[in-house]
Amino acid sequence: MADNAVYFILSVWKDLKMDVRQEECILLGNGNIKDDTAQLLARYLQNVRNTNAADIYRRSTLARNQQLPFDLLALWVHVI
């Protein structure tokens, strides 16, 4: 499963002409697949970071809610 995620991420990375040394890849989520994906991506990308919503949106109390999807959290923080 992590192999598929890495393949997809790297193909998008290439299509967008992103720099493997300078651009940052931030992985969100829970479980072993995120950790496995980060390990595999680190072979190809220099800046791979595992994180969670609470780290990105430290000031928002909503970020502590693990059940809230990240896209809705981002919408809430940036738009509403």
On a heavy-atom basis, which atom in [X] and which in [Y] lie closest, and how many Å separate them?
| X | Y | result |
| --- | --- | --- |
| Phe70 | Ala53 | CD1-CB, 3.8 Å |
| Ala63 | Tyr57 | CB-O, 3.5 Å |
| Asp19 | Gln22 | OD2-CG, 3.1 Å |
| Glu23 | Trp13 | CB-CZ2, 3.4 Å |
| Ala5 | Thr37 | CB-OG1, 4.0 Å |
| Cys25 | Leu41 | SG-CD1, 3.9 Å |

Rounded distance (nearest 0.5 Å) linking atom [atom1] of [X] with atom [atom2] of [Y]:
| X | Y | atom1 | atom2 | answer |
| --- | --- | --- | --- | --- |
| Ile9 | Leu45 | CD1 | CG | 8.0 Å |
| Leu28 | Ile56 | CG | CD1 | 4.5 Å |
| Asn52 | Ile26 | CG | CD1 | 11.5 Å |

Please check: side-chain N/O of [X] versus main-chain N/O of [Y], any donor-acceptor pairing under 3.5 Å?
| X | Y | answer |
| --- | --- | --- |
| Lys34 | Thr51 | yes |
| Ser11 | Phe8 | yes |
| Asn47 | Arg21 | yes |

*Under the side-chain contact (heavy atoms from CB on, under 4.5 Å) criterion, do Asn65 and Leu73 qualify, and how do the steps go?*
CA-CA 10 Å; Asn65 182 350; Leu73 174 63; over 6 Å; no
*Could you give me the CA-CA distance, side-chain angles and deciding distance for Val77 and Leu62, then say whether side-chain contact (heavy atoms from CB on, under 4.5 Å) is met?*
CA-CA 9 Å; Val77 170; Leu62 288 173; 5.9 Å; no
_Hphob cluster co-occupancy, Met18 + Leu40, side-chain heavy atoms under 4.5 angstrom_ = yes
